[in-house]
Amino acid sequence: GLSMVSRRLVRVKIMQLMYAQNRGVDFDPKSMQVQLESSLKKTIQLQWVFLNYLVRISEYDLIHHAKQAGKETAENTGLFANHQLLLMLQQHPMYKRRMEDYQVESFVDASLVRKLYLELISRERFNDFAQGGDSTDPTILSYMLKKLLAASDPLEDQLSNHFINYLDDQFSIIQGLAKSFKAVDVKDIASYDSFFAEHEEEEAFGRELVLALQKNLTDVREIMLAQVKNWDEDRLAPLDTVLIMMAIAEFLYCPHVPVKVTINEYIDISKDYSSPKSKDFINGVIDKAMWALKDSGRIEKLGRGLQNS
């Protein structure tokens, strides 16, 4: 499904929490569950802050348009003020509640809205949109998320004090929102539901993984060390061991996650968070651990096709 909170983001958050808590040697699962939950709440809060910036920038289009009355220019058509997706989103019965629940207004800086708007209309991409005349075009919204909001240093400065995982979260949210905008059936209010998802499934996966790690840490650690026996434990980068242990825990204790998915996810995460040399090392160890566990019959996956896939 469409999600601003991907399982990848959940894995990244667990990795960071384990690393922060004594580098994954031992950790307090209760506090970790609480931290994970509050971290995911902040991700959803940030999603609404981004959406509200889009809404406020479109409202500014109205103000700007009125100010310029009589001196209409090519890009000053007022089209963006009437963007159908943003208008529909605001009519969704849950919209006001989300704004209140997540105290969204308190994160929106009016002078920054104006700056971002003026920056937007100076761009060729916006001109094309304004002249194209399509007020349902989702691509202008994705463009704004990726090339305007994500690229804004003042916005990052303003938000990163409260949102400590700003960059990780922002990346995940913007990917998710761009997909959701693309998938929406503009006139059908029910198709906007994906924006309001609370991500229970991803949270449940996070809880399951944290619990598995906590209950079986010694076992998981031994399986890892068996694959790296000619390495000194001190020579292993702590972040690498955290990723390897997480993958082993998924093989053994997350029966709904296919083996291939686990392998690909951790290779992907190591590309972004480890050194290039680490990436190949992690990849090798995870692969060896998987075969060792398969040979001893320890991997049990539920559902057809999960076994070998």
Side-chain angles (χ1 to χ4, degrees), residues 1-17 20 30-58 85-109 112-113 116 138 141-142 144-146 148-150 152 155-184 189-210 265 269 272:
L2 298 167
S3 182
M4 320 310 147
V5 176
S6 61
R7 281 189 174 195
R8 179 186 196 275
L9 187 66
V10 172
R11 289 179 173 100
V12 166
K13 286 183 185 299
I14 293 174
M15 168 195 84
Q16 288 165 335
L17 288 169
K30 265 214 178 61
S31 79
M32 196 149 149
Q33 295 285 19
V34 171
Q35 285 175 294
L36 181 62
E37 218 159 285
S38 93
S39 183
L40 290 170
K41 263 212 167 47
K42 280 196 171 169
T43 306
I44 299 174
Q45 186 178 36
L46 186 60
Q47 169 204 324
W48 287 109
V49 171
F50 279 138
L51 281 169
N52 197 34
Y53 262 103
L54 293 181
V55 165
R56 294 285 294 275
I57 291 168
S58 80
L85 270 82
L86 295 178
L87 294 176
M88 282 294 277
L89 187 66
Q90 293 171 80
Q91 280 167 26
H92 193 284
M94 298 293 286
Y95 183 79
K96 274 204 170 66
R97 244 189 58 204
R98 287 290 190 274
M99 289 291 125
E100 286 160 15
D101 289 351
Y102 290 109
Q103 301 159 326
V104 176
E105 290 293 338
S106 65
F107 295 100
V108 180
D109 173 339
L112 194 50
V113 168
L116 288 165
L141 301 177
S142 304
M144 285 172 70
L145 288 165
K146 289 174 184 164
L148 190 69
L149 300 185
S152 166
L155 187 60
E156 185 181 336
D157 292 343
Q158 185 223 330
L159 295 176
S160 54
N161 284 335
H162 178 75
F163 299 98
I164 40 178
N165 298 321
Y166 182 77
L167 292 174
D168 292 320
D169 283 352
Q170 169 201 279
F171 179 76
S172 184
I173 291 163
I174 285 176
Q175 302 270 83
L177 286 177
K179 280 185 194 150
S180 291
F181 280 131
K182 217 170 144 181
V184 145
I189 197 90
S191 81
Y192 290 78
D193 286 353
S194 71
F195 289 98
F196 297 86
E198 290 281 84
H199 312 295
E200 288 93 347
E201 267 177 46
E202 289 77 15
E203 277 194 32
F205 163 72
R207 277 197 298 276
E208 180 180 53
L209 184 53
V210 169
E265 284 275 0
I269 291 171
D272 286 345

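- For L149 against I57, the heavy-atom pair with the smallest separation is CD2-CD1, 4.3 Å.
- In this structure, the side chain of Y53 engages the main chain of D109 through a donor-acceptor pair within 3.5 Å.
- Atom-to-atom distance recorded for F181:CZ and L54:CG is 5.5 Å, nearest 0.5 angstrom.
- Heavy atoms only, all atoms of each residue included: L46 and Q170 are closest at CD2-N, 4.2 Å.
- Counting heavy atoms of neighbouring residues, nucleotides and ligands inside a 6.0 Å radius, atom OH of Y166 exceeds 12 of them.
- Considering only heavy atoms from C-beta on, F50 comes within 4.5 Å of L155 through its side chain.
- S172 places a side-chain N or O within donor-acceptor distance of the main-chain N or O of M4, the cut-off being under 3.5 Å.
- Considering only heavy atoms from C-beta on, Q91 comes within 4.5 Å of I189 through its side chain.
- A pairwise comparison of heavy atoms in H199 and I44 identifies CD2-CD1, 3.3 Å as the closest pair.
- At most 12 non-hydrogen atoms from other residues, nucleotides or ligands lie less than 6.0 angstrom from CD1 of I164.
- Taking CZ from R7 and CG from L209, the interatomic distance works out to 10.0 Å, rounded to the nearest 0.5 Å.
- At a threshold of 4.5 Å between non-hydrogen side-chain atoms, the residues V49 and H162 do not count as touching.
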(request) Could you check E265 against R11 for salt bridge (Lys or Arg N to Asp or Glu O under 4.0 Å), going step by step and ending with a plain yes or no? (result) CA-CA 9 Å; E265 284 275 0; R11 289 179 173 100; 3.4 Å; yes
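- A distance-only check finds no donor-acceptor pair linking the side chain of E105 to the backbone of M99 [under 3.5 Å].
- From L85, atom CG reaches atom OG of S58 across 11.0 Å, with rounding to the nearest 0.5 Å.
- Not a single donor-acceptor pair under 3.5 Å links the side chain of Q47 to the backbone N or O of I173.
- The aromatic ring centres of H92 and F195 sit 6.0 Å or more apart.
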(request) Applying side chain to side chain contact (heavy atoms under 4.5 Å, CB included), run through D101 and W48 and close with a yes or a no. (result) CA-CA 10 Å; D101 289 351; W48 287 109; over 6 Å; no
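- Between R98 and V104, the shortest heavy-atom distance links the atoms O-CG2, 4.0 Å.
- Contact annotation: the side chain of K182 never approaches that of K179 to less than 4.5 Å [non-hydrogen atoms, C-beta and beyond].
- E201 CD: 12 or fewer foreign heavy atoms inside a 6.0 Å radius.
- Checked against E202 for a side-chain contact (heavy atoms from CB on, under 4.5 Å), the options T43, L40, L9, V5 give a single hit: V5.
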(message) With salt bridge (Lys or Arg N to Asp or Glu O under 4.0 Å) as the criterion, how do K13 and D169 come out once you've worked through the C-alpha distance, each side chain's angles and the decisive distance to 0.1 Å?
(response) CA-CA 10 Å; K13 286 183 185 299; D169 283 352; 2.8 Å; yes
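- Separating the CD atom in Q90 from the OH atom in Y192 is a distance of 11.0 Å, to the nearest 0.5 Å.
- Summarising the geometry, atom CD belonging to Q175 is positioned 10.5 Å from atom CG belonging to L145; distances are rounded to the nearest 0.5 Å.
- Atom NZ of K41 sits in a sparse spot, with 12 or fewer heavy atoms from other residues, nucleotides or ligands closer than 6.0 Å.
- Side-chain atoms of E203 never come within 3.5 Å of backbone atoms of E37 as a donor-acceptor pair (strictly under, hydrogens ignored).
- Classified by interplanar angle (parallel below 30°, tilted 30° to 60°, perpendicular above 60°), the ring pair F163/F107 is tilted.
- Taking all atoms of both residues into account, the shortest heavy-atom contact from I174 to K146 is CG2-CG, 3.6 Å.
- Taking each heavy atom of L36 and V10 in turn, the nearest pair found is CD1-O, 4.4 Å.
- Remark: R207 CZ to I14 CD1 distance equals 11.0 Å, nearest 0.5 Å.
- Residues V12 and F171 form no side-chain contact, since every pair of their non-hydrogen atoms from C-beta on lies 4.5 Å or further apart.
- With contacts defined as side-chain heavy-atom distances shorter than 4.5 Å, the pair V184/P138 does not qualify.
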